[in-house]
Amino acid sequence: KVIVPTANSYKPDADRTLSVYLMVDAARLENQAATPGWRIWLKNALRELRGQHQGDDTLEALRRRCEALLEQQRGHGKGLALFLTPSSERAIELPVPLVEHSIAYGRASLAPLLFAMDEYERTLIVVVDQTRARLISGYMGGAQRAGIHVNDVEAYDFRHKDQMPTGRNQGDRTMGGSNRDAFAATIEDHLRRFYQEVAAQMRQQVQDLGIARIILGGPPEAAHALRHELHESLVQQVVAIVPIPQWQGDDAVMRLALPAALEVEHREEEALVDEVVGLARSGGRGALGRVAVEDCLERQQVELLILPWPLADAELRDRLPLAALAAGARIEFVSGAAAERVHAEGGVAARLFYTRRPEFGEPALP
């Protein structure tokens, strides 16, 4: 579980936080050398940061602690986030890749971590066929078994019953057809109950884990049959059906399902940005551009802050998420086409609680 440091997490040391993000994925070519590339980058970045804060004994102590902590780094994650203050430390191993290395000193730099959590929302992947269903919780690119349900039809004594005669004759033929039909109906009814039981288990997992979306895998006919038995609230969360075989391991299932999840995420981002731009241009509950959005944040008028990723302005990247958290606003990072649209509309956007009046910064109460 990833716990995000909030704007007030490190009081009274909040302004003396060393934030480090490293691409430690061993599969990266530069990390396969005797001295991994991320270690070389970190050494140079710490030297440069020390030059920018000469005489800062706190930073020097944090630098030494950082190097000591990472000296024996042997994790298997793709990314690593590290937050150090004079009185605390927190290392978060990420199962998903980071866009770049980064380092900051001052207030905690949360944007790269928040982006990873936003991009890879918690997803329930259900691989189902007529014999069993596997429920896998996928989060930030990692997979965790959330449950399994087996169709116990084989435990019943159904053998040969479709061939048993009824005892009634018509000419020289034994009337076994009705028994075969009854047998087929029994199997079909049992299969339907199996799907209903899986659907109930899914509903419980969605509630317990706070699932954002559902992906169904397995043979299409089984996946569609399960979807038919889902509660309407779950049907709306099904974003894709992917032909994932049962023999694939949990981690492989996550890798096969991830492209579909990201495609949906990016479509939703584009729709969100279109909505907010439309609200802002029509004088509604939207704000575009750094000046307008920061003014709305100061007034605690922002419901949702939208930031493009990656964000080249490091100062803005680190400051705005903290301001949003302090104001109680939610944060959405967008990439790809959605990010390009935000850049074109002033570089940052926000959806507001109230409509802004034409005079600068004044909200219009509903």
Inset, instruction - Quick one: list whatever passes side chain to side chain donor-acceptor pair (under 3.5 Å) with D25, sequence neighbours left out. - result: none
Legend entry - Partner residues of N31 under the side chain to side chain donor-acceptor pair (under 3.5 Å) criterion, sequence neighbours left out: none
For [X], enumerate each residue passing the salt bridge (Lys or Arg N to Asp or Glu O under 4.0 Å) test, keeping only those at least two apart in sequence or located in another chain.
| X | value |
| --- | --- |
| R290 | E294, D313, E315 |
| E229 | none |
| E303 | R285, R330, R351 |
| R317 | E100 |

Tell me, please, which residues at least two apart from [X] pass side chain to side chain contact (heavy atoms under 4.5 Å, CB included).
| X | answer |
| --- | --- |
| S233 | H231 |
| A45 | W41, I103 |
| Q236 | E232 |
| I241 | L216, A223, H224, R227 |

Got a list of side-chain donor-acceptor pairs under 3.5 Å for residues 340-349, not counting sequence neighbours?
unit_1 : atom_1 : unit_2 : atom_2 : d
R341   : NH1    : D274   : OD1    : 2.4
E345   : OE1    : R281   : NH2    : 3.3
E345   : OE2    : R281   : NH2    : 2.5

Inset, instruction - Report the distance from atom CG of L49 to atom CG of L42, rounding to the nearest 0.5 Å. - result: 10.5 Å
Inset, instruction - Can you tell me which residue pairs pass the ring pair (Phe, Tyr, Trp, His ring centres under 6.0 Å) test with a partner in residues 267-322, sequence neighbours excluded? - result: F115-W309, W309-F333
Inset, instruction - May I ask you to check whether Y21 and H101 place their ring centres under 6.0 Å from each other? - result: no
